Amino acid sequence: MSWTFSHARLAPPLSRNRIDDAVTGDLVAEQRFYGTTIPADIAQEQLQTLEPGQWLTADLCSFYCNEVGNAYLEAAPGRAEDLVVLHSRTWDLAHWKGTPKGVRVPGALHTLGHKFVAFPGNDNGSHFFLCIIIFPCDLLYDLNPNGPVRTKALILNSLHNLQPRDPDRKIKDILIRLAEGRQLREEKLQDIKVFLPVMPQQPNSFDCGLYPGHFLSVFLSSPETYTSHCTGEALIDGSLDVIWKHERINNARHWLKRLVLASAKIRQAALDFSTDIPSPFAT
């Protein structure tokens, strides 16, 4: 797996310890999707949830999705307008005060200017799923004042008995918030369809945080093909497990743990290298 660097200025652990000696509350790893401002911050106490049989935190789930998205952008030139990946808190509008500002860094393409906006969601505090909004750019009036609107949303869920409540309303509210004041084609916004396709199901109660990143990685292998499959326009032949490469989930926790620990090493190396961060970082 490749590693993509954080774009934020590094800050030392609150305890002033080296990351190898981190304590509760110390930030040991950080990841963000290119051009976004909200990071997935991994504190020392979250590392234990990477072990088998543990529920991942929202930041670890978002960390996984961010890395999948960054790897997609790096794989070929010209993909910057294809995708933006957001933190899982995007689903939880209750924690937002007014219209969110600065979701993207200055100069970056507007969130809704992309073909795909993806983020993990959590509707009940205990289960993660993946949301992908397709062609949100068509809703922006200044980009598409009177053309066809292809906007739709997918909810890819590894537990069908824990679907989000009223996803149609939720997606519309999210789009309004993410517009950040830009005019939307309101009459078309009301017509957006939300699809909840049948997906591979997790075999336990604790691996749900791995599935948003896994589903996103498979979707991005051929976004148009998987969009058509999920909306029923052109189904892919094969079983669910084959279509969604379900066997890969068996190693996902192992690779995520390796990635986070690699991030921690890189973070410490950067802190050691920086000459303007005060000592001590005792060796």
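What you are looking at is a predicted structure, and each value in this text was computed from that prediction instead of being measured.
To the nearest 0.5 Å, the span separating CD1 on I176 from CZ on R182 amounts to 15.5 Å. Within the model, atoms OG1 of T24 and CD of Q44 stand 5.5 Å from one another, a figure rounded to the nearest 0.5 Å. The distance from the OG1 atom of T151 to the CG atom of L189 is 8.5 Å, given to the nearest 0.5 Å.
For the 3.5 Å distance criterion, the side chains of S239 and D241 fail to qualify, holding no donor opposite an acceptor. Counted by atom type alone, D272 and Q268 present one or more donor-acceptor pairs between their side chains at under 3.5 Å. Residues S15 and D26 have side chains that bring a donor and an acceptor to within less than 3.5 angstrom of each other. Of the N and O atoms on the side chains of Y64 and Q31, not one donor lies less than 3.5 Å from an acceptor on the other residue. In this model, no donor atom of one side chain and acceptor atom of the other lie less than 3.5 Å apart for N66 and H87.
In this structure, the side chains of L56 and L256 come closer than 4.5 Å at one or more pairs of heavy atoms. Between I42 and F63 there is a side-chain heavy-atom pair separated by less than 4.5 Å. Within the 4.5 Å cutoff, the side chain of S158 has no heavy atoms near those of the F128 side chain. C61 has its side chain out of reach of S88: every pair of non-hydrogen atoms, C-beta onward, lies at least 4.5 Å apart. Contact check for L240 versus H246: no side-chain heavy atoms found under the 4.5 Å cut-off. L86 has its side chain out of reach of F33: every pair of non-hydrogen atoms, C-beta onward, lies at least 4.5 Å apart. The closest side-chain heavy-atom distance from R185 to V149 is below 4.5 Å. Side-chain contact between V117 and I174: absent, with no pair of heavy atoms (C-beta onward) separated by less than 4.5 Å.
For E45 (side chain) and G25 (main-chain N/O), a donor-acceptor pair under 3.5 Å exists by modelled atom type. Looking at N204, its side chain never comes within 3.5 Å of a backbone N or O of G53 through a donor-acceptor pair. Although no hydrogens or angles enter the test, the distance criterion places a donor-acceptor pair under 3.5 Å between the side chain of T37 and the main chain of V103. A donor-acceptor distance shorter than 3.5 angstrom exists from the side chain of R253 to the backbone of Q54, with no hydrogens or angles considered. At distances below 3.5 Å, at least one donor-acceptor pair connects side-chain atoms of H160 with backbone N or O atoms of M199. Of the possible polar contacts, none joining the H229 side chain to the L235 backbone as a donor-acceptor pair under 3.5 Å is found. N122 places no side-chain N or O within donor-acceptor distance of the main-chain N or O of A58, the cut-off being under 3.5 Å. When atom types are taken as modelled, the side chain of N250 and the backbone of E247 share a donor-acceptor pair closer than 3.5 angstrom. Of the possible polar contacts, none joining the T36 side chain to the R32 backbone as a donor-acceptor pair under 3.5 Å is found. No donor-acceptor pair under 3.5 Å is formed between the side chain of H110 and the backbone N or O of R104.
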Can I get a per-line list of side-chain donor-acceptor pairs under 3.5 Å for residues 76-85, giving both atom names and the distance, sequence neighbours left out?
unit_1	atom_1	unit_2	atom_2	d
R79	NH1	Y72	O	2.7
D82	OD2	Y72	OH	3.3

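A single hydrophobic cluster is not seen to contain both L159 and F119; linkage of ILVMFWY side chains at heavy-atom distances under 4.5 Å, directly or through other members, places them apart. Hydrophobic clustering (ILVMFWY, side-chain heavy atoms < 4.5 Å, transitive): F135 and L109 are in distinct clusters. Tracing side-chain contacts under 4.5 Å through hydrophobic residues (I, L, V, M, F, W, Y), one never reaches L162 starting from V198; they form parts of separate clusters. Linking ILVMFWY side-chain heavy atoms closer than 4.5 Å, directly or via other members, places I236 and V218 in a single hydrophobic cluster. Note on I249: it does not cluster hydrophobically with V242, by side-chain heavy-atom contacts below 4.5 Å among ILVMFWY residues.
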For L196 and Q163: C-alpha separation, side-chain torsions, deciding distance, then whether side-chain contact (heavy atoms from CB on, under 4.5 Å) applies.
CA-CA 9 Å; L196 292 85; Q163 296 290 6; 3.2 Å; yes
Before giving the answer on side-chain hydrogen bond (donor to acceptor under 3.5 Å, both in side chains), spell out for Y141 and E186 the whole-Å C-alpha distance, their side-chain angles and the decisive distance to 0.1 Å.
CA-CA 9 Å; Y141 184 83; E186 294 286 345; over 6 Å; no
Checking L139 against I192 for the side-chain contact (heavy atoms from CB on, under 4.5 Å) test, could you report, in this order, the C-alpha distance in whole Å, the side-chain angles of both residues, the deciding distance, and whether it holds?
CA-CA 10 Å; L139 283 174; I192 291 173; 3.5 Å; yes
Verify side-chain contact (heavy atoms from CB on, under 4.5 Å) between L14 and L27, making sure each step is shown before the conclusion.
CA-CA 8 Å; L14 294 174; L27 184 65; over 6 Å; no
Show your reasoning for whether side-chain contact (heavy atoms from CB on, under 4.5 Å) applies to W91 and I171.
CA-CA 8 Å; W91 184 264; I171 293 300; 3.9 Å; yes
Under the side-chain hydrogen bond (donor to acceptor under 3.5 Å, both in side chains) rule, what do S126 and N124 come out as? Steps first, then yes or no, please.
CA-CA 6 Å; S126 63; N124 61 8; 3.1 Å; yes
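For the residue pair P164 and P167, the shortest heavy atom distance occurs at O-CD, 3.5 Å. A pairwise comparison of heavy atoms in L130 and P212 identifies CD2-O, 3.6 Å as the closest pair. Taking each heavy atom of A29 and V260 in turn, the nearest pair found is CB-O, 4.0 Å. Minimum interatomic distance between A108 and G35 (heavy atoms only, all atoms of both residues): CB-O, 4.0 Å.
Cluster partners of W55, by chain and number: F206. The rule joins Ile, Leu, Val, Met, Phe, Trp and Tyr whenever side-chain heavy atoms lie under 4.5 Å apart.
Using a 30° and 60° split on the angle between ring planes, F129 and H127 fall in the tilted class, from 30° to 60°. The aromatic rings of F116 and F219 lie perpendicular to each other, with more than 60° between the two planes, well past the 30° mark.
Other residues, nucleotides and ligands contribute more than 12 heavy atoms inside 6.0 Å of the CG atom of N161.
Between R169 and D166, at least one side-chain nitrogen of the basic residue sits less than 4.0 Å from a carboxylate oxygen of the acidic one, meeting the salt-bridge criterion.
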